[in-house]
Amino acid sequence: MNDIGSAEVANPDRDGNDGSARGLLRAHVRAGWAAALQHERFDNDDDFFAIGGHSLLIAEIMAGLGALAGTRLSLKLFFDHPTVNELTDALAAHEAFGSLAR
């Protein structure tokens, strides 16, 4: 199993033209957040901690996303990218998520 940390995360494209594959990855990220938080009252640019999230929930989210791609994700990756959009962009930069993000 691969191990994805935050050191190799590329600067994401901020133009907003994600395309449908990026949208699918974003939907997986949102679903993980909604399941962990037990609500969907957040926007894609809301900070996870500002909407009721805490570090124990991060482990749950990252385990689920890692299982989706067959890799292990660093919790630091989430701390470095605490919004749905930022985390989606960071995950899309890694080849393990290529089929979901491109």
Notebook entry, point to check: How long is the span from the OG1 atom in T88 to the NE2 atom in H81, to the nearest 0.5 Å?
Noted result: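 Reported to 0.5 Å precision, the distance equals 11.0 Å.
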Notebook entry, point to check: How long is the span from the CZ atom in R22 to the CZ atom in F97, to the nearest 0.5 Å?
Noted result: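 The CZ atom of F97 is 12.0 Å from CZ of R22, to the nearest 0.5 Å.
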Notebook entry, point to check: Does the side chain of V29 reach to within under 4.5 Å of the side chain of L91, using non-hydrogen atoms?
Noted result: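 Sidechains of L91 and V29: in contact.
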Notebook entry, point to check: Does the pair V84 and D43 meet the rule for a side-chain contact (heavy atoms from CB on, under 4.5 Å), with working shown?
Noted result: CA-CA 8 Å; V84 169; D43 293 324; over 6 Å; no
Checklist line | Any residue meeting side chain to side chain donor-acceptor pair (under 3.5 Å) with D45, in chain and number order, not counting sequence neighbours | finding: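 With sequence neighbours excluded, D45 shows a side chain to side chain donor-acceptor pair (under 3.5 Å) to N85, given in chain and number order.
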Next item on the list: Please confirm whether the backbone N or O of R41 pairs with a side-chain atom of H39, one donor and one acceptor, at under 3.5 Å?
Entry: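 Side chain of H39 to backbone of R41: a pair is present.
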Side-chain atoms of residues 47-70: list all donor-acceptor pairs with protein atoms under 3.5 Å, sequence neighbours left out, distances to 0.1 Å.
residue	atom	partner	partner atom	Å
D47	OD1	F49	N	2.9
H54	ND1	L56	N	3.4

Next item on the list: Please report the closest heavy-atom contact between L25 and A92, naming both atoms and the distance.
Entry: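 Taking L25 first and A92 second, the nearest heavy atoms are CD2-N, 3.8 Å.
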Notebook entry, point to check: Do you know which two heavy atoms are closest between W33 and L87, and how far apart they sit?
Noted result: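 In this case the closest contact between W33 and L87 is NE1-CD2, 4.0 Å.
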